[in-house]
Enquirer: 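Following this message is one structure expressed as structure tokens.
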Amino acid sequence: MRFLSRYFSKIRGKNSRAKNGAIKVTLSNIFGQGSFVLVTPLLATLYSPEEFGLFGTFIALYFIAAHFSTLKYENAVAIAKSDEHAAASAWLSLGLVAVVNLVFYFIVFLCSKYNIFLSTSSMLATTYNEIEIAALLAGVGLTLNVWLLRQRRYTTIAIIRIIYCLAIIFAQILLGWYWNFSEGLIAGQIMGLAVMVIFQVTCVLTGDRTSLQFPSFETVKYVASRFSNFPKFSVWATLVGQFSAQAPVIIFAATGNLQSAGFYFMALRLLQAPLGMISQSISQVVLAEAPDMYAEGSLDRLVVRIFSVCLRLGLLPMAVVCFLIVDIFSVFGMQEWHQTAIFIWIIAPWVFLVFILGPISVITTIIEKQKEWLIFQVTMFCFRVAGLVVGILYFNVTIAVIIYTLVGFVSWLLFFFWIMRKLSIEPRALLGKFLKTGVITVLCLITLYVIQTALQYFAVSAVNNTMVLVICASIFILGYFYQFVSTPLRHKS
């Protein structure tokens, strides 16, 4: 707890009202994402790469549908100036979820009847109804989560997050182990979403009901007009961004290559899980606190501090994971997932850059630059999908992922330069922080390589070799984190 307290003090300030809440949300995300990583080897023995490919496609499609169903009005709940307008935004978002998912139902019905969407995979054709159910639950969950966030009910959010993760893990293991259910991954995800929504609704109903009273039609109409940039720009930016991020999984599945979809989804899951537990927490707190900092004129300081914290917390663990991933797969008997290790090496730079810039991208909503954010997402989407298709048609899956990752990396880098220009941030200060962290990371990797070479020279078994390397890497990372939280983060205003 002391570590996390110091860590979040660097983002907002020592006496920040968001600090304790951010700690609670982060702890829940650490538990949830860490649990997903720990059970991955077990799930890899219960389900095949093809089944993971089907699950990854299901996740991508329902996630896209859920974010579209709210038309992004759930973000208005966080930034509305009055509780009345926040409540109207929440009801508007929930109403849109119901209406849009009703339309989805008829589309799903037609697709199931005539087999007209992604029909190249017979396994995928059986998941239409599951996608619709998950999209409905996730859309409701998104809105209620932001409402609880506005009320600063961080403890409630953290508890629900833990319950949600445990429900998914328990259901997926149970369905795969005892019933040998091939779609257990999908069924477990839906069960977890249902449990999450039930607890969210219960917490909202047992809280301050007066703040969430049903609004008048005039208030809803005003809110819909006041935050019209969300359905005009933000929803499409999110839609394109999510499809762009999940394009390999969706396109591989659409072409009938569920195995490659499973390999890529596993790589993305293993990389994003340890970084996402911090990035997601920062994004949620930034969404709640950035409006006040924007009013104070200190958004540039917030961006610099987020960059510094994410860089120093993410670079070393990411490099260590890439260095040890093959040895870890061998120890857990995941030799058939070797292609996943290759994908991890390829996409790691892009995933790390998104880890840093993901929380920063929330600021485009605060400064109401949704149109520019949409243009960025659409441009990146077109180039990434084009590169992916060219790679699949003329080369192979690995080359396609390389092109896709390279385009994404360059695009996010250009976005960061744009943000720095908008907020008048000096690049030299950020470059110095990057070089310092990079040198420390390189020295740690060299040390691990020397240890690995020595262990191989003395013919140490593969299992013991990996255990020693993991222990040494953990000592390096923990020592670095201790040095990080013990050193003040300075920034000239």
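What you see is a predicted model; the values in this text were computed from it and never measured.
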Enquirer: Distance from Thr437 atom OG1 to Leu316 atom CG, nearest 0.5 Å?
Expert: 9.5 Å

Enquirer: Would you indicate whether the side-chain heavy atoms of Phe58 and Gln189 approach each other to under 4.5 Å?
Expert: yes

Enquirer: Taking side-chain hydrogen bond (donor to acceptor under 3.5 Å, both in side chains) as the cut-off, I'd like each qualifying pair that reaches into residues 88-103, sequence neighbours left out, listed once.
Expert: Ser93-Thr143

Enquirer: Quick one: closest heavy-atom pair of Ala90 and Trp147, and the distance?
Expert: CB-CE3, 4.3 Å

Enquirer: Among residues two or more places apart or on two chains, list those pairs meeting ring-ring contact (aromatic ring centres under 6.0 Å, His included) that have a residue in residues 364-384.
Expert: Phe243-Phe381, Trp373-Phe376, Trp373-Trp412, Trp373-Phe415, Phe376-Trp412, Phe376-Phe415

Enquirer: Check whether any side-chain heavy atom of Ile163 lies under 4.5 Å from a side-chain heavy atom of Val195, and answer yes or no.
Expert: yes

Enquirer: Report the C-alpha distance between Arg161 and Met196 in whole Å, list the side-chain angles of each, state the deciding distance to 0.1 Å, and finish with yes or no for side-chain contact (heavy atoms from CB on, under 4.5 Å).
Expert: CA-CA 7 Å; Arg161 174 69 179 174; Met196 177 189 71; over 6 Å; no

Enquirer: Between CZ of Arg269 and CD1 of Ile59, what distance do you get to the nearest 0.5 Å?
Expert: 8.0 Å

Enquirer: State whether the side chain of Gln200 and the backbone N or O of Gly141 hold a donor-acceptor pair below 3.5 Å, judged by distance alone.
Expert: yes

Enquirer: Could you pull out all residues at least two apart from Tyr73 that satisfy ring pair (Phe, Tyr, Trp, His ring centres under 6.0 Å)?
Expert: none

Enquirer: Decide if atom CZ of Phe352 counts as having more than 12 heavy atoms of other residues, nucleotides or ligands within a radius under 6.0 Å.
Expert: yes

Enquirer: If we only count heavy atoms from C-beta on, is the Phe170 to Leu166 side-chain gap below 4.5 Å?
Expert: no

Enquirer: Kindly give the heavy-atom pair with the smallest separation between Phe265 and Gly56, and that separation in Å.
Expert: CD1-CA, 3.4 Å

Enquirer: Of all heavy-atom pairs between Trp337 and Gly262, which one has the smallest distance, and what is that distance?
Expert: CZ3-O, 3.8 Å

Enquirer: Can you list everything that forms a ring pair (Phe, Tyr, Trp, His ring centres under 6.0 Å) with Phe252? Sequence neighbours excluded, please.
Expert: none

Enquirer: Answer yes or no: is there a side-chain heavy-atom contact under 4.5 Å between Leu413 and Phe417?
Expert: yes

Enquirer: I'd like to know if the side chain of Arg153 reaches the main chain of Cys203, judged simply by a donor and an acceptor atom lying under 3.5 Å from each other, with no hydrogens or angles considered.
Expert: yes

Enquirer: Going by side chain to side chain contact (heavy atoms under 4.5 Å, CB included), name the residues that satisfy it together with Ile399, two or more places apart in sequence or in a different chain.
Expert: Phe395, Asn396, Ile402, Ile403

Enquirer: Can you list the residues that meet the side chain to side chain contact (heavy atoms under 4.5 Å, CB included) rule with Val378, with sequence neighbours excluded?
Expert: Val240, Leu374, Cys382

Enquirer: Which distance, rounded to the nearest 0.5 Å, do you find between the CD1 of Ile79 and the CZ of Phe230?
Expert: 3.5 Å

Enquirer: Quick check: does any side chain N or O of Tyr47 sit under 3.5 Å from a backbone N or O of Gly176, one acting as donor and the other as acceptor?
Expert: yes

Enquirer: Do Met191 and Ile168 come close enough that some side-chain heavy atom pair is under 4.5 Å?
Expert: no

Enquirer: How long is the straight-line distance from CD1 of Ile160 back to CG of Leu144, given to the nearest 0.5 Å?
Expert: 8.5 Å

Enquirer: Check side chain to side chain contact (heavy atoms under 4.5 Å, CB included) between Pro349 and all other residues, then give those that pass, not counting sequence neighbours.
Expert: Phe409

Enquirer: Look at the side chain of Tyr105 and the backbone N and O of Val100, then say whether any donor-acceptor pair between them is shorter than 3.5 Å.
Expert: no

Enquirer: Taking the side chain from Thr364 and the backbone from Ser361, do they hold a donor-acceptor pair closer than 3.5 Å?
Expert: yes

Enquirer: Kindly indicate whether the side chain of Leu271, heavy atoms from C-beta on, has any atom under 4.5 Å from the side chain of Met266.
Expert: no

Enquirer: side-chain contact (heavy atoms from CB on, under 4.5 Å) for Val235 and His67? Distances and angles first, verdict last.
Expert: CA-CA 7 Å; Val235 66; His67 279 274; over 6 Å; no

Enquirer: If you round to the nearest 0.5 Å, how far is CG of Leu357 from OG of Ser411?
Expert: 11.5 Å

Enquirer: Say whether, by atom type as modelled, one donor and one acceptor occur between the side chain of Ser260 and the main chain of Asn257 under 3.5 angstrom.
Expert: no

Enquirer: Has the side chain of Glu74 got a donor or acceptor atom that lies under 3.5 Å from a matching backbone atom of Leu142?
Expert: no

Enquirer: Go through the steps to decide whether Ile251 and Val385 satisfy the test side-chain contact (heavy atoms from CB on, under 4.5 Å), and finish with yes or no.
Expert: CA-CA 9 Å; Ile251 293 177; Val385 172; 4.2 Å; yes

Enquirer: Evaluate the side-chain proximity of Lys72 to Pro231: yes if any heavy-atom separation is below 4.5 Å, no if none is.
Expert: no

Enquirer: Say whether Glu132 and Tyr62, considering side chains only, have a donor N or O and an acceptor N or O under 3.5 Å apart.
Expert: no

Enquirer: Can a donor-acceptor pair be found, under 3.5 Å and without considering hydrogens, that links the side chain of Thr340 to the backbone of Phe263?
Expert: yes

Enquirer: Between the side chain of Ser228 and the main-chain N/O of Ala224, is any donor-acceptor distance below 3.5 Å?
Expert: no

Enquirer: Partners of Trp236 by ring pair (Phe, Tyr, Trp, His ring centres under 6.0 Å), sequence neighbours excluded?
Expert: Phe68

Enquirer: Could you walk me through whether Leu193 and Tyr164 satisfy the side-chain contact (heavy atoms from CB on, under 4.5 Å) test, starting with their C-alpha distance in whole Å, then the side-chain angles of each, then the deciding distance to 0.1 Å, before giving a yes or no?
Expert: CA-CA 7 Å; Leu193 288 170; Tyr164 162 73; 3.9 Å; yes

Enquirer: With the side chain counted from C-beta on, respond yes when Val249 and Phe55 share a heavy-atom pair under 4.5 Å apart, and no when they do not.
Expert: no

Enquirer: Would you please name every residue forming a salt bridge (charged side-chain N to carboxylate O under 4.0 Å, His left out) with Arg150, sequence neighbours left out?
Expert: Asp83

Enquirer: Can you list everything that forms a side chain to side chain donor-acceptor pair (under 3.5 Å) with Thr398? Sequence neighbours excluded, please.
Expert: Gln339

Enquirer: Could you pull out all residues at least two apart from Glu372 that satisfy side chain to side chain contact (heavy atoms under 4.5 Å, CB included)?
Expert: Lys369, Trp418

Enquirer: Please round to the nearest 0.5 Å and tell me the distance separating atom OG1 of Thr70 and atom CG of Leu92.
Expert: 9.5 Å

Enquirer: Work out which heavy atom in Tyr264 is nearest to a heavy atom in Ala245; give both atom names and the distance.
Expert: OH-O, 4.2 Å

Enquirer: Kindly say whether Ser48 contributes a backbone atom to a donor-acceptor pair with the side chain of Glu51 at under 3.5 angstrom?
Expert: yes

Enquirer: Got a sec: does the CH2 of Trp177 have more than 12 other heavy atoms crowding it under 6.0 Å?
Expert: no

Enquirer: Report the residues that fulfil ring pair (Phe, Tyr, Trp, His ring centres under 6.0 Å) with Phe416, sequence neighbours left out, ordered by chain and then residue number.
Expert: Phe307

